[in-house]
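Below, read A as the first sequence line, B as the second, and so on, with proteins coming before strands; counting in each chain starts at 1.
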Amino acid sequence: MPDPAALDAVLAARIQFAANISFHILFPALSIGLAWVLVYFKLRHDRGGGEHWLAAYRLWVKVFALCFAIGVVTGVTMSFQFGTNWPGFMLTVGNIAGPLLAYEVLTAFFLEATFLGVMLFGMKRVSNRTHTLATVLVAIGTTLSAFWILALNSWMQTPVGYRMEGGRAQATDWLAILFNPSFPYHFTHMLLACGLTVAFLVAGISAYRWRRGDRGADVEVALRSGVWLAAVLIPLQVVVGDLHGVNTYHHQPAKIAAMEGAWETTRGAPMVIFAVPDEATQSNRYELAIPGLASLYLGHSLDAEVRGLKEFPDAHPPVAPVFFAFRVMVGMGLLMLAVAWTAAWALRRGGTPGPRLTRVLVAMSFSGWVALIAGWYVTEIGRQPWLVQGLLRTAVAAADHPVGRIGLTLAMYLALYAVLLAAFVSVLFHLARKAGAEGQPGNAGGTAEPAIAAKAGIHGEPIGVAGPGSPLSRG
Amino acid sequence: MTTMSEMPDLSQAAGWLPVAFMIVMGLAILAYVVLDGYDLGVGILAALAEPAERNMMVASIGPFWDANETWLVLGIGVLLTVFPLAHGIILGALYLPVAAMLLGLILRGVAFDFRIKAQAHRQPLWNAAFCAGSLLAAVAQGYMLGLLIVGFDRNPAHVAFAAFTGVALAAGYCLLGAGWLILKTESTLQLRALRWARVSLWLTAAGIVAVSVATPVVSPAIFAKWFSVPNIFLLAPVPFITAACIVTAEIALRRLPAQLAQRQERWAWVPFGLAVTLFVLAFHGLAYSLFPWLVPNRFDIWQAAAAPDSMLFIFVGVVIVLPLVIGYTVFAYRVFWGKATRLEY
């Protein structure tokens, strides 16, 4: 029987790490997607698309710089917490995790950080072509970083290409490690998620500007780009997500059982739409299910077997968080599909967005973040109690810091992250308002509000007055 | 006290790879200390500046700080990936100062953007976070250095020693930062940087002397290493060169105002160059004192190393990629060569 105090320390270490990595991933996800959107804006401008593409670039490059900075500093935190929170991780699988992380630093971090300087501040100091190249290199850097980190994470889900020697994993086949069975699905799913997160953010912020009567060509192209990107990516994401699920069904049946809320091993397993999983009674309460459907989309046959949680005593993840996180992700995905296609239909052939559509788009600005975090919770909590599936248990890898010490630093991080998140969102809308004011002739600098009111009047759409940082208060 | 393992056969991968990575990690940390050192120093000094000057100061480091900080990730990355046993022990022993440093780095890192992009009434707060974060990160790093020298043993004398190295390193960063500003700025800000450099120089000099005297006192192992024949003769030039650098820097700082007033920039690089030299010398002395220990008296580099195959896989990457990294770092510094200009994008 493990020592309860030690278990609390493990839980504290997990909560701290989860808090850090949850907050961290919000920003690289935006940087990865936004970097390519910026490349697109820049190329459209370079190919003679007009100055408004550059105006769109100028606003979003500011957002990118902000995301990048928050991503870098919270990422530095992660590189330390591998050691402070999970010494057993590097001890056991360091020979595999180490090189992957090292290659991330070497090939991605320096590339993006160095050319970011040129991309942000070098426009007047280098040729336009070099500047575009710097933008592309930053985008490549952010994506390479995702490649290495997803290689490591997917290896932790489906470890192959190693042998154990004296309690430590030794690499035997690096290609097998990099391209492990779940890697293609994790990597593609994550890149599409980054694209979708950015697509809805760009569309939402542009819709916000549109609603304020700020209807320059730059706002319109950004709005259209966001909507079209979302409309194209979301069906791809549905397909990849399904393939990812099938892969998990074959390699991590306990995770699938928790996602599906399946307690018993059955053929013709139902798709549970809603339930409250109860670990004490090992059953679902208030279950609403469609018979046979889970077997169909997992095993591609109506009577395929889906293994239940009871088959994995002491080795299945906590059910409720995985179960609900999965439904949040899928529900958000379906909502994104509906919104993206409705918006794309409304904007087809030069159509302009109506007030109801822009309101929905503003409300969906951060939908990508919600789905992203929910998805990561499914995959990471779903891997518990393993840190590396079947190889290393989370509890074994944790450091034995006193709970109080972890609690102290956890409180510090949580307070800091709450401030940073609030500051990020408020500055995002502030930048959007400012971009509108600067676009107005004779209105460079100063407060935006009077100009906006006048401009809104021209377009004849009544708008209320919102306080700073309260995007949704506009009716 | 564990004994050191026998010096392994350096013709074997398990023998030479840890030495090679010790060099890579050492160079990464040295690069970090010098590069992020100057931008942290500028961050601390920004607390003393007028708002307009502060903007110019941030402009002088804006294009570089991200990449500068990446050297820390590389140094910690090598520790984590090549010496995993030491990583857990070192970072475990330094849990709270590491957290304090990260808090500082996070605050100043995000403040670079927020101090300009936030609503006007919140900008002073982010400026304060920028300066305070820079100071906190610098002091925390120096504090950890002090604890490393004493082998993470925390009796009151050692903690006082570590607190002192914390202040000394912050002073050293200020010297680097002031030297950077003399190089990158003009007129009143440049003159102000000259004054900052003089004060920082003497604080740094006091720090170097005190740490050099205290180190052999608090660490018997280092005492034995320094004061044995022939080491004592091989090490003897180091304090003399250091003293020469400090005196030369003082002379340069006294003469520069008159030259700069006549728009003679020829010697403007001297304070920064000498500050970097001081850091290289101090780093060399420290690395020499600690080698081959990673955790003094507990783990040497061979005992803490990962499997040779994994090290070799990383080493191939280092050999191929690091020259590229250095190449485009030089490119980025050339793009922003000369006096800093207002940042806008």
Side-chain angles (χ1 to χ4, degrees), chain A residues 58 61-62 65-66 68-70 72-77 79-80 82-84 87-88 90-91 94-99 101-103 105-107 109-111 113-118 120-123 125-126 165 168 170-171 174 399 401 405 408-409 412 416 420 423 426-427 430-431 468-469, chain B residues 59 62-64 66-70 72-74 76-82 84-85 87-92 94-96 98-99 102-103 105-110 112-114 117-119 122 126 306-307 309-310 313-314 317-318 321-322 324-325 328-329 331-332 335-336 341 343-345:
Chain A
R58 284 187 198 282
V61 81
K62 291 190 178 98
L66 193 53
F68 195 92
I70 302 178
V72 166
V73 291
T74 53
V76 173
T77 313
S79 72
F80 281 89
F82 282 122
T84 54
M90 291 311 288
L91 209 59
N95 287 325
I96 287 155
L101 292 170
Y103 271 88
V105 179
L106 284 169
T107 61
F109 287 174
F110 278 111
L111 188 70
T114 306
F115 284 101
L116 179 74
V118 179
L120 293 182
F121 309 118
M123 232 182 202
R125 286 181 178 252
V126 296
E165 262 174 33
R168 301 182 69 187
Q170 308 282 359
W174 281 107
H401 299 296
R405 189 191 288 175
L408 176 73
T409 50
M412 177 195 92
L416 181 62
L420 290 185
S426 112
V427 166
H430 174 68
L431 285 176
Chain B
F64 308 112
D66 252 331
N68 292 347
E69 207 168 295
T70 308
L72 175 67
V73 182
L74 180 65
I76 287 300
V78 170
L79 184 65
L80 174 76
T81 59
V82 179
L85 290 174
H87 183 269
I89 290 172
I90 292 176
L91 294 190
L94 297 176
Y95 190 85
L96 289 179
V98 163
L102 293 173
L103 175 68
L105 289 180
I106 291 174
L107 278 179
R108 78 183 290 271
V110 300
F112 266 98
D113 281 284
F114 281 133
K117 289 174 186 156
Q119 297 87 326
R122 297 213 179 111
W126 287 113
D309 288 354
S310 293
F313 183 58
I314 304 176
V318 168
V321 182
L322 212 52
L324 276 174
V325 170
Y328 60 63
T329 302
F331 167 77
V335 166
F336 298 100
T341 47
L343 290 185
E344 44 189 359
Y345 63 93

I'd like to verify something: which residue of [options] has the highest number of heavy-atom pairs under 4.5 Å with chain B?
{"options": "A/Pro99, A/Gly117, A/Pro87, A/Gly122", "result": "A/Pro99"}
{"options": "A/Leu420, A/Leu116, A/Thr107, A/Thr74", "result": "A/Leu420"}
{"options": "A/Leu111, A/Leu431, A/Val76, A/Leu91", "result": "A/Leu111"}
{"options": "A/Gly88, A/Gly94, A/Ala423", "result": "A/Ala423"}

Using a 4.5 Å cut-off on heavy atoms from C-beta on, say whether the side chain of [Y] contacts that of [X].
{"X": "A/Gln170", "Y": "A/Ile96", "answer": "no"}
{"X": "A/Val118", "Y": "B/Phe336", "answer": "yes"}
{"X": "B/Val110", "Y": "B/Trp126", "answer": "yes"}

> side chain to side chain contact (heavy atoms under 4.5 Å, CB included) with A/Arg405: which residues, sequence neighbours excluded?
Replying inline: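 Result, side chain to side chain contact (heavy atoms under 4.5 Å, CB included) vs A/Arg405: A/His401, A/Pro402, B/Tyr95, B/Leu96.
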>> Restricting to side chain to side chain contact (heavy atoms under 4.5 Å, CB included), what partner residues turn up for B/Leu107, sequence neighbours left out?
In response: A/Leu416, B/Leu103, B/Ala129
Taking every non-hydrogen pair under 4.5 Å, which of [options] racks up the most with chain A?
{"options": "B/Ala67, B/Gly77, B/Ala306", "answer": "B/Ala67"}
{"options": "B/Ile89, B/Asp66, B/Thr329, B/Asp309", "answer": "B/Asp66"}
{"options": "B/Asn68, B/Leu80, B/Val73", "answer": "B/Leu80"}
{"options": "B/Leu324, B/Leu72, B/Ile314", "answer": "B/Ile314"}

Identify which part of [X] has an atom lying under 4.5 Å from any heavy atom of chain A, answering side chain, backbone, both or neither.
{"X": "B/Val335", "value": "both"}
{"X": "B/Phe331", "value": "side chain"}
{"X": "B/Tyr328", "value": "both"}
{"X": "B/Phe313", "value": "both"}
{"X": "B/Arg122", "value": "side chain"}
{"X": "B/Val82", "value": "neither"}
{"X": "B/Ile76", "value": "side chain"}
{"X": "B/Ile106", "value": "both"}

Could you grab the distance from atom [atom1] of [X] to atom [atom2] of [Y], nearest 0.5 Å is fine?
{"X": "A/Leu66", "Y": "B/Asp113", "atom1": "CG", "atom2": "CG", "answer": "5.0 Å"}
{"X": "A/Met90", "Y": "B/Leu91", "atom1": "CE", "atom2": "CG", "answer": "11.0 Å"}
{"X": "B/Glu69", "Y": "B/Phe64", "atom1": "CD", "atom2": "CZ", "answer": "15.5 Å"}
{"X": "A/Leu106", "Y": "A/Leu101", "atom1": "CG", "atom2": "CG", "answer": "11.0 Å"}

Residue [X] versus chain B: region with a heavy atom under 4.5 Å:
{"X": "A/Phe110", "result": "both"}
{"X": "A/Ile70", "result": "both"}
{"X": "A/Val126", "result": "side chain"}
{"X": "A/Met412", "result": "side chain"}
{"X": "A/Ala102", "result": "both"}
{"X": "A/Thr114", "result": "both"}
{"X": "A/Val72", "result": "side chain"}

> Between B/Val78 and B/Val318, is a side chain to side chain contact (heavy atoms under 4.5 Å, CB included) present by the stated rule, with each step listed?
Replying inline: CA-CA 10 Å; B/Val78 170; B/Val318 168; over 6 Å; no
> So which heavy atom on B/Leu79 is nearest to which on B/His87, and how close?
Replying inline: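 The answer is O-CB, 3.6 Å.
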>> Minimum heavy-atom separation for A/Ser426 and B/Gln119, please, with both atom names.
In response: OG-NE2, 3.1 Å
>> Main chain of B/Lys117, side chain of A/Lys62: is a donor-acceptor contact present, judged purely on distance under 3.5 Å?
In response: no
>> Evaluate A/Phe109 against B/Leu74 for side chain to side chain contact (heavy atoms under 4.5 Å, CB included), listing each step before the verdict.
In response: CA-CA 9 Å; A/Phe109 287 174; B/Leu74 180 65; over 6 Å; no
